[in-house]
Amino acid sequence: MPAEHRPMRLAAPILAALLATASPSAADPANVAPTRSGTDGAAGRIVLAQQTYQAAMQQGDTILLLAAIRLARSVTVRQPTGWAKTTEGKPAADQVVGRAAAPDPASPQVLAIAQALAGEDYALQDIVYDLDAQRPHGRLPTAIKAMSDLAGGQADTWRIALFGDVAAELGLIGDGDTTLDLTVTDDSGNIVCALPPGTTPALCRFTPARNGFFSVRIRNHGEVLNSYQLVGS
């Protein structure tokens, strides 16, 4: 069965309950299997859609924007269950509020932008207005998306349970106001994946060697509030 059609990889409360009794030793090896090749999963598609959307807006490219819309619409997005978040640090008293979260390329607002970019190009207008009739049918791959606001200098840590020997993806999409980084560690504190500080959407892909809990730490390196999205599959 193709990876994009498998059941959601992120563990449900049942798995979390089973893992809660485990107490990994500091001597445990990093909970990560050798890298495997493969296509993007659901979270990878969401991140790619956002990257394509940003490129389209910078270049005013209708074709790129249509590609971003199609990519975003090829995934079903759900809210997380069983993800626990803690926040370090206190926001400054004069904390500056920046932009809202990055726009969803699958939203009607982005479709309206595509219609405006098409202008008087009738061929492009036909493609844009046909998008709703071209929505994908059948069962779509599922991604989990959590949204949060992170003040300058603060860091969020999400605790997530993952299945062993099943590829996992974690994507970070900030609002662009400040640089964010992401670090994933296993229960022994080993770093299994890390994204350097940046403002563009990025993806962390790895395969746990065994069932376990992972901590996903996101830090805001700027001074402005950042409304970010953490996407998993």
Side-chain angles (χ1 to χ4, degrees), residues 9-13 15-32 43 46-47 50 77-102 104 143-163 168-206 208-233:
R9 272 44 170 198
L10 296 172
L15 174 62
L18 292 174
L19 295 173
T21 60
S23 55
S25 166
D28 285 345
N31 188 1
V32 60
I46 294 293
V47 170
Q50 198 69 45
V77 178
R78 295 178 180 169
Q79 294 183 342
T81 57
W83 291 16
K85 184 189 76 170
T86 57
T87 302
E88 307 168 30
K90 295 182 179 180
D94 56 349
Q95 183 67 48
V96 178
V97 178
R99 287 171 286 188
D104 179 1
I144 297 298
K145 180 188 290 186
M147 304 183 69
S148 183
D149 294 329
L150 192 59
Q154 286 190 314
D156 282 344
T157 299
W158 297 83
R159 186 167 169 81
I160 299 173
L162 298 174
F163 285 112
E169 292 181 333
L170 292 166
L172 178 61
I173 302 172
D175 64 14
D177 284 327
T178 62
T179 57
L180 302 174
D181 67 15
L182 179 149
T183 304
V184 183
T185 55
D186 63 15
D187 254 3
S188 297
N190 300 300
I191 297 176
V192 300
C193 193
L195 300 174
T199 58
T200 58
L203 183 69
C204 199
R205 183 189 290 115
F206 63 98
R210 56 190 178 276
N211 296 348
F213 280 108
F214 292 81
S215 295
V216 183
R217 188 173 188 270
I218 300 168
R219 182 182 175 189
N220 183 349
H221 289 263
E223 300 179 355
V224 178
L225 188 76
N226 195 309
S227 298
Y228 72 86
Q229 305 166 47
L230 176 62
V231 188
S233 65

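Everything numeric here is computed off the predicted structure, so don't read it as measured data. We use all heavy atoms of the structure for the numbers below, so side chains are in, but hydrogens, waters and symmetry mates are not.
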Please list, chain by chain and in numerical order, all residues satisfying side-chain hydrogen bond (donor to acceptor under 3.5 Å, both in side chains) with Thr87, sequence neighbours excluded.
-> Asp156
Considering residues at least two apart in sequence or located in another chain, which fulfil the side-chain hydrogen bond (donor to acceptor under 3.5 Å, both in side chains) criterion with Thr185?
-> none
When rounded to the nearest 0.5 Å, the distance separating CZ of Phe213 from CG of Asp186 is 13.0 Å
Rounded to the nearest 0.5 Å, what separation is found between the CG atom of Leu230 and the SG atom of Cys204?
-> 10.5 Å
Could you state the interatomic distance from CZ (Arg205) to OG (Ser233), rounded to the nearest 0.5 Å?
-> 8.5 Å
Please report the shortest heavy-atom distance between Leu195 and Ala202, naming the atom on each side.
-> CD1-CB, 3.7 Å
Evaluate side chain to side chain contact (heavy atoms under 4.5 Å, CB included) for Ile160 paired with Val184, printing each intermediate quantity in order.
-> CA-CA 10 Å; Ile160 299 173; Val184 183; over 6 Å; no
Between the side chain of Gln154 and the main-chain N/O of Gly89, is any donor-acceptor distance below 3.5 Å?
-> yes
Can you measure from OG1 (Thr183) to CG (Leu170) and round to the nearest 0.5 angstrom?
-> 11.5 Å
First locate atom CD of Glu169, then atom CD1 of Ile144, and finally report the distance between them rounded to the nearest 0.5 Å.
-> 13.0 Å
Could you tell me which residues satisfy side-chain hydrogen bond (donor to acceptor under 3.5 Å, both in side chains) with Gln229, sequence neighbours excluded, listed by chain and number?
-> Lys145
Give, for atom CD1 of Ile218 and atom CG of Leu172, the distance between the pair rounded to the nearest 0.5 Å.
-> 5.0 Å
Aromatic rings Tyr228 and Trp158: how do their planes relate, parallel, tilted or perpendicular, breaks at 30° and 60°?
-> perpendicular
Is it true that a side-chain atom of Asn226 and a backbone atom of Gly152 form a donor plus acceptor pair closer than 3.5 Å?
-> no
